Every structure is written in structure tokens, then in C-alpha cells.
Protein chains: 4
Amino acid sequence: MPPPLAQVRETTFRVRYAETDMMGIVHHSNYLIYLEAGRIDFTHQINMPYVDLETNGYSLAVTEIEIRYHAPARFDQSITVKTWVEGLRSRLITFGYEVVDTETQQILVTARTRLICVDHQNQVKRIPESWFRALQAVSLKQ
Amino acid sequence: MPPPLAQVRETTFRVRYAETDMMGIVHHSNYLIYLEAGRIDFTHQINMPYVDLETNGYSLAVTEIEIRYHAPARFDQSITVKTWVEGLRSRLITFGYEVVDTETQQILVTARTRLICVDHQNQVKRIPESWFRALQAVSLKQ
Amino acid sequence: MPPPLAQVRETTFRVRYAETDMMGIVHHSNYLIYLEAGRIDFTHQINMPYVDLETNGYSLAVTEIEIRYHAPARFDQSITVKTWVEGLRSRLITFGYEVVDTETQQILVTARTRLICVDHQNQVKRIPESWFRALQAVSLKQ
Amino acid sequence: MPPPLAQVRETTFRVRYAETDMMGIVHHSNYLIYLEAGRIDFTHQINMPYVDLETNGYSLAVTEIEIRYHAPARFDQSITVKTWVEGLRSRLITFGYEVVDTETQQILVTARTRLICVDHQNQVKRIPESWFRALQAVSLKQ
């Protein structure tokens with residue numbers, strides 16, 4: 001569950017056929033791509049598109065993921081990724097997520113990903129100031 | 001690190017071009033596919049191929065993953081997935097993993113995946129007896 | 001280019017990070033997934049969702065693809081898949097596609113995919129009558 | 001079928017679970033990744049690893065693919081990609097492929113991919129001389 005104070009942003013899309021596997025459900029690896037899509041859309045929604053961070057010479061590299069699978073998603077299902085900032089330090093950011101069925105709001109997956117700021121030589125860097133402040137602003141509701 | 005008593009099996013392959021991303025390294029989602037490849041090869045190596053479990057009407061569905069990214073893998077790099085049974089209960093199995101550079105043995109990723117035995121109607125089931133015993137046998141070195 | 005008489009439907013989405021490769025552009029294999037997404041959205045737009053065809057025991061299996069890559073797509077770019085019915089026979093359907101930059105309409109990829117109707121035992125079947133008529137209706141503008 | 005004069009190289013691997021889809025077979029997009037794996041292994045087998053070409057500032061960018069799907073591959077099946085040089089010009093190379101079941105040699109997929117030599121600014125370039133000669137040497141059996 002998102003912490004009471006963090007702002008949550010939502011990203012909705014349909015499950016693609018190629019994302020299913022022979023069990024007839026979404027293959028579990030695809031949720032990491034869904035979380036990433038949610039995270040990137042989060043940065044669009046706060047007007048700090050992740051692509052600009054990359055253009056400026058930085059990346060947020062994933063260092064750790066915890067993910068729990070509660071119920072399967074299926075082909076063509078509309079799903080919503082709910083994303084929020086769960087923790088923020090000068091070089092590290094932790095995002096929290098819920099992936100739910102768009103209509104019923106049934107929880108499909110919950111997850112947390114930790115990312116570290118690096119430059120394009122893979123050196124750890126402080127998150128650029130303007131990004132840090134924007135992320136800080138949405139990590140608390142007020 | 002694999003626990004001292006569990007048997008470890010190794011699976012080696014090269015990173016595919018399609019598995020890289022614009023950071024020039026393997027995209028983090030692909031490691032879940034590498035872990036799965038390691039897990040499935042593990043069952044081949046103990047002569048209980050996972051495909052037979054599926055043919056008999058069962059699946060091992062992933063319910064939880066913890067994964068840490070220590071160093072990036074790159075295109076064409078030979079990597080080795082080390083897989084072992086970390087925990088075993090009647091309906092649940094936990095695998096542990098290290099993904100390393102084949103040559104230097106540098107650790108790239110460590111992970112743990114928890115799987116639950118289900119039938120093709122997605123009902124939780126006991127792991128079939130012969131499978132359970134085979135997995136139990138390799139979860140301890142003697 | 002779409003033939004002058006066929007109805008064209010459009011599907012727009014952003015390139016995901018995971019779809020890029022170490023050349024910094026979308027890996028060429030992902031366009032097959034984009035074409036499929038366009039094709040499936042096409043069936044939504046004509047009120048004959050592909051998922052219903054599958055539920056009724058049929059699949060459209062890809063038998064042949066021709067694809068040309070004109071310009072690369074990049075991370076976060078908004079792209080549009082234009083899809084139309086290029087040929088229709090009792091058991092076969094050919095879709096044509098253009099993938100363009102949503103804003104500039106620059107052509108990125110052109111393609112044609114041929115699909116055959118099969119049942120879930122992989123036997124070739126006639127396309128069910130209601131589907132055939134719906135597809136026929138949009139293969140000509142009038 | 002490979003032309004009588006070209007040298008054919010083989011690459012064998014098992015189908016991964018993640019590569020299947022809800023039809024229970026390998027999703028058609030994965031064959032582009034298999035062809036690429038065959039092509040890259042081809043360059044290893046002729047001692048001109050593709051990774052070195054990239055390190056030297058060049059890439060072979062895919063410009064066109066034709067692919068035909070003859071029979072489905074399934075999870076855990078051992079498949080073999082047969083790769084050969086079908087055409088070679090100063091800036092262009094065409095590879096031909098057959099993907100077969102390793103054991104029965106049943107043909108699953110046939111394909112042709114055309115690639116163009118570019119530098120890392122995406123400018124078309126001549127294939128470097130040593131590469132051109134090595135590829136020329138294997139495009140004819142003698």
C-alpha cells in the first residue's frame with residue numbers, strides 16, 4: 001500500500017499478446033517492464049521526464065527489486081500501475097508500486113525498486129538538484 | 001551465497017544483443033529470464049525436467065522475487081547462473097541464485113525466487129511426490 | 001502505403017526503455033510486438049476484439065512477415081502504428097502497416113504480416129463468418 | 001535452403017519458458033532474436049566476433065527482414081539456427097537462415113535479413129576491409 005503521505009500517479013495500458021506465456025497469463029518478467037513504464041510515466045506526470053535526465057548525462061540504475069505476485073494478469077486486460085516515491089536520499093531513490101486491474105482494482109502485483117543515480121561512465125552521482133527537489137515534493141502529499 | 005549444504009548447478013550462456021538497453025548493459029528485466037533458465041536447467045541436471053511437470057498438469061508459479069544488481073553484464077559476455085534449492089515445503093519451493101561472469105566469477109546479480117505449485121486451473125497443489133523427493137535430495141549436499 | 005480503399009486504424013504509444021538496445025534505438029524485434037499491438041487494437045476499433053476470437057477457440061497464427069526499417073525509433077518517442085487489411089481469404093488474412101513518428105509522421109517501419117486461422121489444436125480453419133464479414137467491411141472504404 | 005556454395009554455421013539452444021505465449025508455442029517475435037543469436041554466433045565461428053565490430057565503432061543495422069513460419073517451436077525444445085551469407089556488397093550484407101528442430105531437422109522457420117553497415121552516428125559506411133574479406137570467404141564454399 002502506498003504510504004499515506006506520498007503522491008501516487010497512475011499509468012494504464014492493456015496487456016500485449018507477446019507478454020503472455022504458455023500458462024496463459026502474463027510472464028512474471030514483464031512486470032519489471034510495467035513497473036519501469038509506470039516509473040517513467042510518473043516522471044512525465046511531474047514534468048521531469050526521465051528522458052531529460054538521460055540527455056543530461058545521468059541514469060537511474062536499478063540496484064534492487066522486491067516483487068510479489070498476487071494474481072495473474074491476462075491478455076488484453078487493462079491494468080494500472082500505481083507509482084509513488086517511497087524513499088529519497090541524495091544518490092538513491094526508492095519507488096513503490098501496485099499493479100491493479102483497472103476496472104476492479106484487484107491487486108495483481110506489489111513491488112519496490114531501488115535505483116541509484118549514475119553518470120554515463122557508471123559512476124555514482126548525486127541526483128541533480130532540480131530532480132531531487134521535484135521528487136522530494138511528490139514524496140509527501142503536502 | 002549458496003548455503004553450505006545445498007547442491008549448486010550451473011548454467012552458462014552468452015548475453016544476447018536484444019537483451020541490452022540504451023545504457024549499453026543488460027536490461028534489468030532480463031535477469032528474471034536468466035534465473036528461470038537457470039532454474040529449468042537445474043531440473044534437467046537432476047533428471048526431473050520442468051517440462052515434464054507441466055505435461056503432468058502442474059506448474060510452478062512465481063509468487064515472490066528479491067533481486068540485487070551488483071554489476072552490469074554486457075553484450076556477448078559469457079555469464080553463469082548458479083542455482084540451488086534454498087527452501088522446500090509441500091506446496092512451495094524457494095530457489096537461490098548467483099549470476100556471475102563465467103571467467104572472473106565476479107558476482108553480477110544475487111536473487112531468490114519463491115514458487116508455488118499450482119494445477120492448470122491455478123489451484124494450489126502439493127508438489128508431486130517424486131518431484132518433492134528429488135528436490136529434497138539436492139537441497140542438502142548429503 | 002495503405003491501399004486507397006482500405007480503412008486505416010491508428011494506435012499510439014510511447015517507446016519503453018526496455019525496448020531499446022545498446023545502439024540507443026529500439027531493437028528491431030520489438031516492431032513485431034508493435035505491429036501485433038496495432039493489429040489487436042485494430043480489432044478493438046472495429047468492435048471485434050481479437051481476445052473474443054481466442055475465447056471462441058480460434059487463433060490467427062502468423063505465417064509470414066516482411067518488414068523494412070526506414071528510421072530508428074528512440075526511448076520515450078511517441079509512435080503510431082497504422083494498420084489496415086491488405087488481403088482477405090477464407091482462411092488467411094494479410095495486414096499492412098506503417099509505423100510513424102506520431103508528431104512528424106516520419107515513416108519508421110513498413111510491414112506486412114500474413115496470418116492463418118487455426119483452432120486450438122493448430123488445425124487450419126475458415127475465419128468465423130462474423131469475423132470474416134467485419135474484416136471484409138473494413139478492407140474497402142465503401 | 002542455403003545456396004549450394006555458402007558455408008553454413010549452426011547454433012543450438014533450448015527454447016526458454018519466457019519465449020512462449022498463450023498459444024503454448026514460441027511467440028513469433030522471438031525468432032528475430034534467435035536469428036540474431038545465430039548471426040552473432042556465426043561471426044564467432046569465423047573468428048570475427050560481432051562485438052569487435054561494435055568496439056571498432058561500427059554496427060550492422062537491420063534494414064529488412066523476410067520470415068516464414070512453417071511449424072511452431074515449443075518450450076524446452078532444442079532448436080538449431082543455420083546461418084549463411086546470402087549476399088555481400090560493400091555496405092550491405094544479407095544473411096539467410098533456417099531454424100530447425102535439432103533432433104528431427106524439421107524446418108520451423110526460414111528467413112532472410114539484410115543489414116547495413118553504419119557508424120555510431122548512424123552514417124552508412126563501408127564494411128571494414130578485414131570483415132568484408134572474412135565474410136566474402138565464407139559466402140562461397142571454396
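Bear in mind the structure is a predicted one, so any value in this text is a computation, not a measurement. First the proteins, then the strands, lettered A, B, ... as listed; each starts at 1.
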Trainee: Between chain B and chain D, identify all donor-acceptor pairs below 3.5 angstrom, including backbone and side-chain atoms.
Mentor:
unit_1: B:R16; atom_1: NH1; unit_2: D:E19; atom_2: OE2; d: 3.0
unit_1: B:Y17; atom_1: OH; unit_2: D:E54; atom_2: OE2; d: 2.8
unit_1: B:A18; atom_1: N; unit_2: D:E36; atom_2: OE1; d: 3.1
unit_1: B:E19; atom_1: OE2; unit_2: D:R16; atom_2: NH1; d: 3.0
unit_1: B:E36; atom_1: OE1; unit_2: D:A18; atom_2: N; d: 3.1
unit_1: B:H44; atom_1: NE2; unit_2: D:D76; atom_2: OD1; d: 3.0
unit_1: B:H44; atom_1: NE2; unit_2: D:D76; atom_2: OD2; d: 2.7
unit_1: B:E54; atom_1: OE2; unit_2: D:Y17; atom_2: OH; d: 2.8
unit_1: B:D76; atom_1: OD1; unit_2: D:H44; atom_2: NE2; d: 3.1
unit_1: B:D76; atom_1: OD2; unit_2: D:H44; atom_2: NE2; d: 2.7

Trainee: With a 4.5 Å cut-off on heavy-atom pairs, point out which of D:V51, D:I33, D:L32 contacts chain B the most.
Mentor: D:V51
Trainee: I'd like to check D:I116 versus D:L60 (side-chain heavy atoms, cut-off strictly below 4.5 Å). Are they in contact?
Mentor: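 Side-chain contact under 4.5 Å: no.
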Trainee: Does any part of the side chain of B:V99, heavy atoms only, come nearer than 4.5 Å to the side chain of B:L35, both counted from C-beta?
Mentor: yes
Trainee: For residues D:F13 and B:F13, establish whether the separation of their ring centroids is below 6.0 Å.
Mentor: no
Trainee: How far apart are the closest heavy atoms of D:L108 and D:P72, and which atoms are they?
Mentor: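 Taking every non-hydrogen atom into account, CD2-O, 4.0 Å.
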Trainee: Working to the nearest 0.5 Å, report the span between CG of B:L53 and CD1 of B:I127.
Mentor: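 Answer rounded to 0.5 Å: 8.5 Å.
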Trainee: Which atom pair, heavy atoms only, marks the closest approach of B:G38 to B:V81?
Mentor: CA-CG1, 4.0 Å
